[in-house]
Every structure is written in C-alpha cells, then in structure tokens.
Protein chains: 2
Amino acid sequence: MGHQSIDKMAGRHREFDVETALSAATEVFWTQGYDSASMEDLLTAMNINKGSMYNTFGSKRDLFLRVLDRFFKNAQHDMTAKFEAFDNPLDGVREIFRQVTRPADVKDHAKGCFLVNTLGEMCGMDEELATLARNKLLEVETIYLKYLRKGVKNGQIRKEASPELMAKFLLNMWNGMSISRRMYSRKSLEDLVEMQLQLLKP
Amino acid sequence: MGHQSIDKMAGRHREFDVETALSAATEVFWTQGYDSASMEDLLTAMNINKGSMYNTFGSKRDLFLRVLDRFFKNAQHDMTAKFEAFDNPLDGVREIFRQVTRPADVKDHAKGCFLVNTLGEMCGMDEELATLARNKLLEVETIYLKYLRKGVKNGQIRKEASPELMAKFLLNMWNGMSISRRMYSRKSLEDLVEMQLQLLKP
DNA sequence: CCAATAATTGACCAATCAGTACAAAATTAA
DNA sequence: TTAATTTTGTACTGATTGGTCAATTATTGG
C-alpha cells in the first residue's frame, strides 16, 4: 500500500504533492471546521480524486490528524522563532499577537486559531480530537513558560507573579483574542493586547 | 397556522410545553453546535415529533434563532441581577465568572459559552447567525460598561484606564475562559480570574 | 351535531454524507 | 515483455441529512 518513498518502488508514481494537498486541506478544515468540511470541499481544494485521497491518507479523520499535526509543528517553529528574534520576551509576545491584530489577510480574522476552533468543536463530541487539540495548546503554554522564565531572570518580566500562572494567562489571552478578533477593530485588539501585557511587566 | 395563544382558538391544543422544548433544544445546540445537532437529536431531546416541530417552529434554523434569543435574554437577566446584588462591580464580575470556575455541573466545562461557540462555528460560514451571536456578545459588553462606569464613579474601579477598554477586556477575558475552562483545573481558572481582575482595581 | 381549524403522527423524499470497489493507467524489477 | 505493484478516476453504496405531506385526532364556535 501507499505512504512509501518514491525511490526503488514499483508502481505508478503519485501525481500530486502531499504537502501542497495538506496545505489546501488545512485551509478547508480551518475555515469550516472538521464536521462541516465535506469530502467534496476537501477534494476540490486539494485538487485530487477520491481514490487518491483514501489511498494516501486513509480517511477524513486520518487526513485531519495529519493536518492538525502539521499545523501545530509549523506553529511551534514560528512561535519559537519569534521569541528567539527578540532579547525581551515581551517583544516576542507582541510579535506573536501581531498575527491576531494585523493578520496577513483580513479574512484570517474569521478563521481564528485552528487549535482553539478544534478544541471548541470537539470538546464533548469527540474526546480524542479534543485531547489532541488541548495537548497542543498546552505545549504552546510551555513555550510561553520557557521564555517568561528567561525574562524573569533578566528582569524583563515581573517576578511577583509565578511564571506558570503568567504562561496560563498568555494562553488564556490567546484563546480570548481568537474569539474577540471576530468582533473587534484592529485598534481595539491592539489596545487590548497592550493593556493585558501590563500584567507581565516588572 | 400556529404560534397562537391557547384561548379562543379553534383546533387541537398543543400537547407539549414550548418553553420546556426550547430548553431541551438549547441543551442539544449548546453541547453539539448548530450543524452537528441533527433533527433526530433535537426531536428526541424535545420529546416531540417532526410534524409538531416544523408546525410550531418552522425549521431547524428558526428553532435555533428562538433558542439563541431565549438564551441571551436569560443570560442578560442573570448578569444584571448579579451586578445588582453587589455594591462593588468587582464582586459582580467575580460572581459572573464563578459560572466558569465553579459551574453547577462539571460537564458544563465542555459546553463553554453558547454565544462564543456560535460565533466560532458560524463566523465565515453563516454570517447572519455569526452576526446575531456577535451582537449579543457586544450587548454583554455594554452591561459590563454600565457597571464599570458606576464603579469608576464610586472609586471601586481604576480611573486610569477607559471604561470602554476595560469592558472589552472583560469580554475578552470571558471569551478566553470559555475556551480555557476546557483545559484547566478549577484552581488555575480561579487564579487566572483574580490575576486579570488586578487590571480593574484602582 | 357539524364545519372549521389546528396539532400529531409516521411514512416518505431528494440531497448529501463518508467510504468502497474496481478497472485503467503508470511505473519498476525481472 | 511480462509480472508485480501502486496511483488514478469514477461509478456505486448504504446511511443520514433536513424537510414535506396527508391522514388522523382533538378542539372551538355556530
């Protein structure tokens, strides 16, 4: 069966690029959610046929798992890169939340955060998928924690509050903004970020 | 056709209580979301037949509109009552967020906030329903604003920040906690509330 | 008692859902 | 060239979707 490397393998070659297809599928799942995204929507976006999809990915659910995993790994890298680009973790946080206040495409506001959406859709419905999304969000929290600790040491982050709680606070802020961006102007979102960041300053 | 008062009306009487049925439908829509809630799920919970439902409410969508409206009016009353029960608006806010940190039923954590869920599910998919949920959340914001202003006058709320921004902040906090309650312990949620409430204190 | 009206019931409907089956096409190893 | 293997394309499947319809039942006013 499928999922093999292309070299030294008998049989017809795959005609589509898996990464490109996963990227297209991500867009569909992200904008529509898991349930509302139909196989027809997905196949049209991925520009492949049913046979190719089931042969390569297994099922709609398996495709979603691949998409979710790939999305998270990218997010993890982006986030870490943003923290590493600044000496002060506060600036890293600002840069991360710039995705929310000033997204590349204005349409991104309606999409929100893919992990938050998935947790919201699946919690109480499909605990396996909910747990997957929840654990990835908790990994985001541990990234916050790492750089907050560094900032506390350097006197850039207040040391009166525990880094653990401040990390949870940042994730809660992210969760909130993932919803609030669907209702507020850029100015309000920016004001909201700066106001809340006060809680991290020494 | 239907929707009439019971007195002075020819024809068979309705055998079910509309409020009870709406309450049951609310539970289904709240836990499953609009799309995932099937007519079968709804009819089972409401304990009525298809004909009765379509005769009384019109369609799945119309039923949802009734449910959403009824839910919001109840929430509006509860919220106002909680603010009115305390002299200090900070205590009103604490009482409102107690729904999140200490819900009547632990299962409520998975349900989150019905308005937040609806905005999340519908934004980018069904703008009419999204706008409905968004506007109701914005009405929640104006309730916060009213009592924050009162608190500023009484010296209970800090006057350095604008009440408008603080109201947005509270709604953002609500949005965030509606997601975060699906991943954090009661203790963490309570710490999160108290930490963030610092931003409102004089 | 009868006509009008309205709620209930369950059978029915077309559309859509995720998923399968299988033949045709393309590729490698022998 | 041939056998083995894999991908592709499409027709098909059974289940479920929201919604309709008409017969039945219950009620009111005349």
Side-chain angles (χ1 to χ4, degrees), chain A residues 1-22 24-25 28-29 31-68 121-122 125-126 128-129, chain B residues 1-22 24-25 28-29 31-68 121-122 125-126 128-129:
Chain A
M1 318 149 199
H3 300 277
Q4 299 276 296
S5 164
I6 232 175
D7 346 76
K8 299 179 169 217
M9 195 184 50
R12 185 170 175 173
H13 294 168
R14 209 191 320 271
E15 287 184 0
F16 67 98
D17 179 61
V18 173
E19 282 300 305
T20 307
L22 284 174
V28 175
F29 279 132
T31 53
Q32 313 212 51
Y34 177 77
D35 266 322
S36 290
S38 69
M39 282 309 307
E40 202 193 341
D41 295 331
L42 288 161
L43 297 173
T44 301
M46 298 166 85
N47 199 31
I48 60 177
N49 289 73
K50 236 169 196 174
S52 300
M53 190 277 163
Y54 280 95
N55 179 49
T56 306
F57 299 107
S59 67
K60 183 186 176 184
R61 190 191 182 79
D62 290 334
L63 174 64
F64 186 76
L65 295 175
R66 285 282 292 269
V67 161
L68 198 70
E121 178 181 357
M122 293 305 169
M125 294 289 292
D126 184 324
E128 192 196 338
L129 294 185
Chain B
M1 312 151 202
H3 299 278
Q4 300 277 295
S5 164
I6 231 176
D7 349 69
K8 297 179 172 221
M9 194 182 50
R12 186 170 174 173
H13 293 170
R14 191 176 284 123
E15 288 184 1
F16 67 97
D17 179 62
V18 172
E19 282 299 306
T20 308
L22 284 174
V28 175
F29 278 131
T31 54
Q32 312 210 39
Y34 177 76
D35 266 321
S36 290
S38 69
M39 282 310 305
E40 202 193 341
D41 295 331
L42 289 162
L43 296 173
T44 301
M46 298 166 86
N47 199 32
I48 60 177
N49 287 74
K50 238 171 194 168
S52 300
M53 190 276 162
Y54 280 95
N55 178 48
T56 306
F57 300 107
S59 68
K60 182 186 177 186
R61 190 191 182 81
D62 291 333
L63 174 64
F64 186 76
L65 295 175
R66 286 281 293 270
V67 161
L68 199 70
E121 178 180 358
M122 294 305 168
M125 293 289 291
D126 183 323
E128 192 196 338
L129 294 185

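Quick caveat: nothing in here was measured; it's all calculated off a predicted structure. So that the names make sense, note that chain A is the first sequence line, chain B the second, and so on, each numbered from 1.
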Any idea which of C:dT8, D:dG18, C:dT27 is nearest the A:H13 side chain? C:dT27
Separation of D:dA23 P from B:N55 CG (nearest whole Å): 17 Å
Polar pair under 3.5 Å, donor/acceptor by atom type, side chain B:K50, base D:dG19: yes
What integer distance in Å separates B:M46:CE from C:dT8:C1'? 14 Å
With the side chain defined as heavy atoms from C-beta on, B:Y54 is closest, among D:dA11, C:dA7, D:dG19, to D:dG19
Testing the basics here: between A:V28 and A:A45, what is the closest heavy-atom pair and its distance to 0.1 Å? CG2-CB, 3.4 Å
What is the distance, to the nearest angstrom, from the NZ atom on A:K60 to the P atom on C:dT20? 14 Å
Find the distance B:R14:CZ to C:dT5:P and express it as a whole number of Å. 18 Å
Does B:S52 reach a base, just sugar-phosphate, or nothing at all? Heavy atoms under 4.0 Å. base
Quick check: any donor-acceptor pair below 3.5 Å linking the side-chain of A:R12 to the base of D:dT6? no
Would you indicate, yes or no, if D:dT8 has its OP1 or OP2 atom less than 4.0 angstrom from a side-chain nitrogen or oxygen of A:N49? no
Separation of D:dT7 atom C1' from A:F57 atom CZ, nearest Å, is 13 Å
Calculate the interatomic distance between A:E15 atom CD and C:dA24 atom C1'; express it in whole Å. 12 Å
Whole-Å gap separating C1' (D:dT10) and CG (A:L43): 12 Å
Residue whose closest nucleotide on DNA chain D lies nearer the 5' end, B:G51 versus A:M53: A:M53
If each of B:G11 and B:I48 is mapped to the nucleotide of DNA chain C with the nearest heavy atom, which maps nearer the 5' terminus, i.e. the 5' end? B:G11
Test: A:K60 cationic atom under 6.0 Å from A:Y34 six-membered ring centre, within 45° of axis: yes
Contact check, side chains of B:L68 and B:L65, non-hydrogen atoms, under 4.5 Å: no
So, B:S52 and B:N49: side-chain donor and acceptor under 3.5 Å apart, yes or no? no
Kindly indicate whether the side chain of A:M53, heavy atoms from C-beta on, has any atom under 4.5 Å from the side chain of A:L63. yes
Grab the CD-P distance between A:E40 and C:dA15 for me, whole Å please. 14 Å
